[in-house]
Amino acid sequence: MKPARANLYLSLGCIGFALVLAFVWAPMDSGTGLIHKVRRQVSIGDALAPTLAALMIGLGGLLVLRERDAPVQQGLTRANLAFVLRFLVMLAIGFALMRYSGPLLVWLFAGDQEYRNLRDTAPWKYIGFFFGSSTLITALIASSEGRFSWRAVAIAIAATLVLIALYDLPFDDLLLPPNGDV
Amino acid sequence: MGVADYIWMGILSVFQGPEAFSIFGIAISITIVMVLAGFVLGIMVGATPGLAGPMAMAIALPILISAFGFNPDALLPVMGFLIGVMKGATVGGAVPAILFNTPGTPDAYMTTLDGYPMTQAGQAKKALKLAHVSSAAGDTFSDIVLILCAPFLAVLVERYLDLPEKTALLILSLAFIASVIGNSVGKGLISMGLGLLAVYIGTGEDFYPRLSLGTQTLAQGFPVATAVLGVLILGEVFKSFEDLWHEARANTRVAEPAQAGDQRLHWADIRRIAPYVARSAVIGTAIGALPGIGSTLAATLGYASGARRHAKRRPGAVQFGKGAPEGIAATEAANSSVSGANLIPVLSLGIPGNAAAVFLILATESIGGFNPGPGVFRFNAETVNPELVAAFGLFTAMMLANAFNWTIGGAFMRVAGVMVRVPKHILLPIVLMLTLTAIYVQEARMSAIWIAIGFGMLGYLMRRLDISPLPFVIAFILGGKLEDTARQAFAATGGDAWFLFTHPIAAIFLAMAVGFVALSLRRPKQESS
């Protein structure tokens, strides 16, 4: 998106979304309409509030349309989108490691045990979080520095251990990711 | 029970609460310890560029709730800690602004204009002391105004506002926030509309969870903490991270000019800055009492007002922007006096005015037993209103934090200078992981992390498109209440579709809401709040 036309695109996007929300999504995906009548008692239906939200978004879009020729407009550049993509890929890798490294290591080294049965037992319960968090923090530091370094790995491991100490050691009722799901 | 009894019980609930430890046989309550811990953490966080008080509050909340549980005894220690963080961060923001020309928090930017020149002139310690005294004075003044105003405002609301008027008041608050925050009222309305939409997904009165597209994930709705942390904290982390990527990471060491001369704060200095502190405290408190207007604007107005006075009254002295002690005083008193007054709409109306207030409301919602709003200040002579006792307990905790600020705040400010050396590119990934872990431990499902990242991306896009995320967050918090109140008002008026227009006060509130939006359209906006 060229920043010079950012307001125009934002405005048209919001107006379009508001129209879809008000005339398609809200009426078709709500249990009751704008007004609801049960046993001659009239009450506000479930579709009214989202329709008002659509009105706000649409009105905001119309007002932004007035600013379409503003001299300074902040918009998304190709570099922004590239950043978002890189960032999401790093997050996906980190969280995939977090989710699957524990079950994988249990499958390899814990005989016929299932990870689900060990998810509250040290050291198994820390494996996924340790690998996922350390990898993610290392990757983010390395990407900022433009190079891989063992210093970044050491910082990531230390930070992950502090997080474990902060959230898991003092509390019996808290589960580190991904142990609530598996 | 009379008013004095409630006040006394509130004070006792802080000082005679559950014991943390004892010194020479004197029990020290856990609330006192938590206020102190929050205050010290707040100074450190405020002194770290890239971190802010709300971030620390967001990350600390799940840990605090796990530590103290969901019971009435948890309220004061948890809220005391969060209030301590809020106050400490305001003071701490001045430290790197004065020592390294880098504001720790956005509202300390104006402090750099006179603070850093004083450091360059070898007067760093004196500048820190001036900032401390001004900040503590502004904060204390603001808290006194809060304690005096909030109960009366709440009583007025309870006495004169019925359901239609309360609905209109919520609409007025949202319209005001959307109008005053950011550079464009249109973008404010978009942000608010998106916040309302997000909170209405998966909710409603019908058996079918509305707007869920038939999916289980949307049918559960978005947890408040996940959405708020995503948009406010993760969005900011994502943006800061990208800024870091695009900057060449020079990581240069900041040179510290040699310090010389008299660093003590004399009575003459206090007398010199007093008028500036007083003026800025009033400006900051007035601005803080209005929801949505942040401490950055208060600091700017306080500084501008002080600069005009200084140029007129003392044309021969060092002027603002050149290292004038009065400049530091005007800025710090203004931005610090926002924090207490910002709780006036929270406690009297249940409407959060800034990010810190959002997390205070989240804390009360998580713990339960205390619902910020006019109901808190229901004085009852026959039976004890526990919420009112808790409210006076909170006021006591705030004054306790002020006492810590006056006594030991200055010493911690001097120590906190070291925080500016923490490299941001190492800090941000750790903050990201801390936040995501905080979200997971509350929800215990990986989908919550992805929802938070989704909201984080929304927050990032909003920041890139110059849309303030604060109307989104406040609309998300107030949206459910707005719909419930409107439903009740509609039912109570016998299905009158025009209930907002047929009740005079409600109609006035609505007219004011339209007026604010219309006025904002005419106002040229320069910079983001």
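In what follows, every chain begins at residue 1, and chains take the letters A, B, ... in the order their sequences are listed. Because the structure is predicted, anything quoted here is derived from the model rather than measured.
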Checklist outcome for this item: Assert top hit (heavy-atom pairs under 4.5 Å, partner chain A, pool Pro209(B), Gly204(B), Gly494(B), Gly214(B)) equals Gly204(B)

Item to check | Centroid separation Phe455(B) to Phe222(B) less than 6.0 Å | outcome: yes

Item to check | Heavy-atom proximity to chain B below 4.5 Å, by part of Leu48(A) | outcome: neither

Checklist entry - Of all of Ile430(B), Leu213(B), Leu194(B), which one pairs up most often with chain A through heavy atoms under 4.5 Å apart? => result Leu213(B)

Checklist entry - Hey, which of Glu242(B), Met433(B), Arg210(B), Arg487(B) has the most heavy atom pairs under 4.5 Å with chain A? => result Glu242(B)

Item to check | Pair Phe148(A) + Trp150(A): ring centers closer than 6.0 Å | outcome: yes

Checklist entry - For Phe17(A), is it the side chain, the backbone, both, or neither that has a heavy atom closer than 4.5 Å to a heavy atom of chain B? => result side chain

Next on the checklist: Please classify the contact between Thr160(A) and chain B as side chain, backbone, both or neither, with a heavy-atom cut-off of under 4.5 Å.
Outcome noted: neither

Next on the checklist: Does anything in residues 123-140 of chain A form a salt bridge (charged side-chain N to carboxylate O under 4.0 Å, His left out)? List the pairs, not counting sequence neighbours.
Outcome noted: Asp120(A)-Lys125(A), Lys125(A)-Asp168(A)

Checklist entry - Which bit of Ile449(B) comes within less than 4.5 Å of chain A, counting heavy atoms only: side chain, backbone, both or neither? => result side chain

Next on the checklist: Does any backbone or side-chain atom of Ile141(A) lie under 4.5 Å from a heavy atom of chain B? Answer side chain, backbone, both or neither.
Outcome noted: both

Item to check | Under 4.5 Å from any heavy atom of chain B - which part of Phe171(A) | outcome: side chain

Next on the checklist: Quick one, Arg119(A) with Glu114(A), criterion salt bridge (Lys or Arg N to Asp or Glu O under 4.0 Å). Give me CA distance, side-chain angles, the key distance, then yes/no.
Outcome noted: CA-CA 9 Å; Arg119(A) 64 179 180 167; Glu114(A) 274 188 42; over 6 Å; no

Checklist entry - Got Ser133(A) and Leu163(A) here, is their nearest side-chain heavy-atom distance under 4.5 Å? => result yes

Item to check | Pairs of heavy atoms under 4.5 Å with chain A: top-ranked of Leu174(B), Leu432(B), Leu434(B) | outcome: Leu434(B)

Checklist entry - Side chain, backbone, both or neither: which part of Ile171(B) has a heavy atom under 4.5 Å from chain A? => result neither

Next on the checklist: Please report whether the ring centroid of Phe83(A) lies less than 6.0 Å from that of Phe87(A).
Outcome noted: yes

Next on the checklist: With chain A as the partner, which of Gly479(B), Gly195(B), Ala497(B), Ala438(B) has the greatest number of non-hydrogen pairs under 4.5 Å?
Outcome noted: Ala438(B)

Item to check | Side-chain donor-acceptor contact under 3.5 Å, Asp29(A) with Tyr208(B) | outcome: yes

Item to check | Heavy-atom proximity to chain B below 4.5 Å, by part of Ala139(A) | outcome: neither

Checklist entry - Any idea which of Leu62(A), Leu63(A), Ile44(A) has the most non-hydrogen atom pairs under 4.5 angstrom with chain B? => result Ile44(A)

Next on the checklist: Please confirm whether the ring centroid of Phe95(A) lies under 6.0 Å from the ring centroid of Trp450(B).
Outcome noted: yes

Next on the checklist: Heavy-atom cut-off 4.5 Å, strictly under: side chain, backbone, both or neither for Pro170(A) against chain B?
Outcome noted: neither

Checklist entry - Which one, Leu136(A), Thr32(A), Leu91(A), Leu59(A), leads in non-hydrogen pairs under 4.5 Å with chain B? => result Leu91(A)

Item to check | Donor-acceptor side-chain pairing of Thr77(A) and Asn80(A) below 3.5 angstrom | outcome: yes

Next on the checklist: Please rank Ile453(B), Ile201(B), Val517(B) by heavy-atom pairs under 4.5 Å with chain A and give me the top one.
Outcome noted: Ile453(B)

Checklist entry - Going by distance alone, is a donor N or O of one side chain under 3.5 Å from an acceptor N or O of the other, for Tyr460(B) and Glu236(B)? => result no

Checklist entry - Where does Met28(A) contact chain B at under 4.5 Å (heavy atoms): side chain, backbone, both or neither? => result neither

Next on the checklist: Pairing donors with acceptors under 3.5 angstrom, does anything connect the side chains of Ser447(B) and Arg445(B)?
Outcome noted: yes

Checklist entry - Among Val64(A), Leu88(A), Ile35(A), who wins on heavy-atom pairs under 4.5 Å with chain B? => result Val64(A)

Next on the checklist: Looking at every non-hydrogen atom in both residues, tell me the closest pair between Val199(B) and Ala475(B) and how far apart they are.
Outcome noted: CG1-O, 4.3 Å

Item to check | Part of Leu174(A) lying under 4.5 Å from any heavy atom of chain B | outcome: side chain

